[in-house]
Amino acid sequence: MSSINVKKRNGRLQPLNINKINLCAERSCENLENVSASEVVLDAHVQLYDKITTKEIDSALIMSARQKVEKEPNYSYVAARILLGTIHKEVFRESVDSDTFELQYRKTFVQGIKKLVKAEILHSDLLGFNLKKLSEAINPERDKKFKYLGAQILIDRYFIRLDNKIIESPQAFWMRIAMGLALNEKNKEERAIEFYNLFSNLLYTPSTPTLFNSGTTHSQLSSCYLN
């Protein structure tokens, strides 16, 4: 095993660390009943070879968890957590076991808003918010509320991309939508946080046009309706 290297997302090679694969599965099963991290790893059937990519390892773990959903619905949360872990790595280059994870999560939210305004994807009025205050209201733990299908749909359809790379983390996504809806409110930071808490706790989800367009330069937020 010592001769096997893993190819990271940035192209660098790193010696394989089996403990990291086990830790990823254990973390994804945390506080969930009737799920087994060791089963997820064993059933992933990862064929380890030199220069295997981290993406291949993650995909095998996700598939393993997904195949167990019929037997135990909580594996849907396991698969979602592993999947969102890949998004965390893509968006802010930190794994969820890093000491700076929460700090990086909030920091990247602010950087992402500024970057997307500069790219003329998000509306410049978003820079009128107190971004530091909003970043402090973000709760990364709420990523764990997603089931697999919900997480996959958001990634495939709704998260904003720039140069083919996802720029939004799940909680940044909810906050960006909240900001777009609160733009004309008198106490817009407070209102945005109010909206964010509703969305991120999955108590209410806006319709597709709002999810697509809120906070962007294209402000069409309403759905079709029958009269």
Side-chain angles (χ1 to χ4, degrees), residues 62 66 76-77 79-81 83-92 105-227:
I62 292 166
R66 279 179 59 192
S76 183
Y77 291 106
R81 291 175 185 183
L83 176 63
L84 291 177
T86 68
I87 299 306
H88 298 147
K89 292 173 194 172
E90 182 172 343
V91 173
F92 46 83
Y105 207 121
R106 295 186 171 94
K107 180 181 170 186
T108 310
F109 159 71
V110 175
Q111 291 173 337
I113 294 291
K114 291 177 178 177
K115 188 183 291 186
L116 291 170
V117 167
K118 187 177 180 181
E120 298 183 347
I121 294 172
L122 295 186
H123 201 287
S124 58
D125 285 355
L126 264 57
L127 298 180
F129 281 88
N130 182 335
L131 296 178
K132 186 175 185 296
K133 181 175 181 177
L134 296 186
S135 74
E136 289 167 354
I138 280 176
N139 186 343
E141 277 291 301
R142 291 178 189 166
D143 281 3
K144 293 179 180 177
K145 292 182 177 289
F146 286 106
K147 291 185 179 180
Y148 175 76
L149 187 58
Q152 188 66 68
I153 288 171
L154 288 182
I155 291 165
D156 290 344
R157 298 188 63 193
Y158 296 105
F159 289 171
I160 292 177
R161 285 170 168 77
L162 186 62
D163 299 328
N164 257 342
K165 289 186 178 176
I166 293 174
I167 300 297
E168 293 183 308
S169 59
Q171 300 307 310
F173 164 75
W174 290 134
M175 186 61 86
R176 183 260 301 170
I177 294 165
M179 291 165 73
L181 292 174
L183 263 178
N184 296 318
E185 295 284 345
K186 187 177 178 183
N187 301 312
K188 58 186 180 182
E189 281 85 11
E190 286 75 11
R191 285 289 174 263
I193 291 169
E194 237 178 273
F195 288 138
Y196 164 76
N197 285 329
L198 277 175
F199 304 153
S200 61
N201 280 306
L202 307 185
L203 298 173
Y204 172 76
T205 305
S207 58
T208 290
T210 306
L211 296 176
F212 274 138
N213 301 320
S214 187
T216 70
T217 53
H218 183 68
S219 58
Q220 200 291 99
L221 308 183
S222 28
S223 298
C224 57
Y225 63 92
L226 295 176
N227 184 4

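For clarity, every value in this text was computed on a predicted model and none was experimentally measured. Residue indices begin at 1 and follow the sequence shown.
- The structure places CG of Leu126 at 9.5 Å from CG of Leu116, a figure rounded to the nearest 0.5 Å.
- Within the 4.5 Å cutoff, side-chain heavy atoms of Lys114 are placed close to those of Val110.
- In this structure, the ring of Tyr105 has its center less than 6.0 angstrom from the ring center of His88.
- Here the side chains of His123 and Thr216 are not in contact, with every heavy-atom distance at 4.5 Å or above.
- Closest approach of Ile167 and Arg161 over heavy atoms only: CG1-C, 4.2 Å.
- Taking CZ from Phe109 and CD1 from Ile138, the interatomic distance works out to 4.5 Å, rounded to the nearest 0.5 Å.
- Every residue two or more places apart in sequence or in another chain that forms a side-chain hydrogen bond (donor to acceptor under 3.5 Å, both in side chains) with Asn197 is listed here: Arg142.
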For residues 170-177, please give each side-chain donor-acceptor pair under 3.5 Å, one per line with the distance, not counting sequence neighbours.
unit_1: Gln171; atom_1: OE1; unit_2: Tyr196; atom_2: OH; d: 2.7
unit_1: Gln171; atom_1: NE2; unit_2: Asp143; atom_2: OD1; d: 2.8
unit_1: Arg176; atom_1: NE; unit_2: Glu168; atom_2: OE2; d: 2.8
unit_1: Arg176; atom_1: NH1; unit_2: Leu211; atom_2: O; d: 3.4
unit_1: Arg176; atom_1: NH1; unit_2: Ser214; atom_2: O; d: 2.9
unit_1: Arg176; atom_1: NH2; unit_2: Glu168; atom_2: OE1; d: 3.1
unit_1: Arg176; atom_1: NH2; unit_2: Glu168; atom_2: OE2; d: 3.3

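- The distance from atom CG of Leu202 to atom OH of Tyr204, rounded to the nearest 0.5 Å, is 13.5 Å.
- Side-chain contact between Asn139 and Asn201: absent, with no pair of heavy atoms (C-beta onward) separated by less than 4.5 Å.
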Before giving the answer on side chain to side chain contact (heavy atoms under 4.5 Å, CB included), spell out for Ile62 and Tyr148 the whole-Å C-alpha distance, their side-chain angles and the decisive distance to 0.1 Å.
CA-CA 9 Å; Ile62 292 166; Tyr148 175 76; 3.7 Å; yes
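- No side-chain heavy atom of Pro209 sits under 4.5 Å from any side-chain heavy atom of Leu221.
- Counting all heavy atoms, side chain and backbone alike, Lys145 lies closest to Ser200 at CD-O, 3.6 Å.
- With sequence neighbours excluded, the residues satisfying salt bridge (Lys or Arg N to Asp or Glu O under 4.0 Å) with Lys133 are Glu190.
- With sequence neighbours excluded, the residues that form a salt bridge (Lys or Arg N to Asp or Glu O under 4.0 Å) with Arg191 are Glu185, Glu194.
- A cation-pi contact links Lys188 to Phe129, judged by a cut-off of 6.0 Å to the six-membered ring centre and 45° from its axis.
- When the shell of 6.0 Å around CG of Asn184 is examined, it contains 12 or fewer heavy atoms from other residues, nucleotides or ligands.
- Here the straight-line distance linking atom CG of Leu84 with atom NZ of Lys89 works out to 12.0 Å at 0.5 Å rounding.
- Applying the side-chain contact (heavy atoms from CB on, under 4.5 Å) test to Leu149 and every residue at least two apart in sequence or in another chain returns Ile153.
- Not counting sequence neighbours, the partners of Leu198 by the side-chain contact (heavy atoms from CB on, under 4.5 Å) test are Leu203.
- Considering only heavy atoms from C-beta on, Leu122 comes within 4.5 Å of Ile160 through its side chain.
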With side chain to side chain contact (heavy atoms under 4.5 Å, CB included) as the criterion, how do Lys132 and Asn130 come out once you've worked through the C-alpha distance, each side chain's angles and the decisive distance to 0.1 Å?
CA-CA 6 Å; Lys132 186 175 185 296; Asn130 182 335; 3.6 Å; yes
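- Here Leu131 contributes atom CG and Ile113 contributes atom CD1; the two are 6.5 Å apart, rounded to the nearest 0.5 Å.
- The shortest distance between side-chain heavy atoms of Thr86 and Ile155 does not fall below 4.5 Å.
- Note that CG of Asp163 is 9.0 Å distant from NZ of Lys115, once rounded to the nearest 0.5 Å.
- Taking each heavy atom of Ser223 and Ser207 in turn, the nearest pair found is OG-OG, 2.6 Å.
- Looking only at side-chain heavy atoms (C-beta outward), Phe212 and Arg157 come within less than 4.5 Å of each other.
- Within a 6.0 Å radius of NZ in Lys144, more than 12 heavy atoms belonging to other residues, nucleotides or ligands are found.
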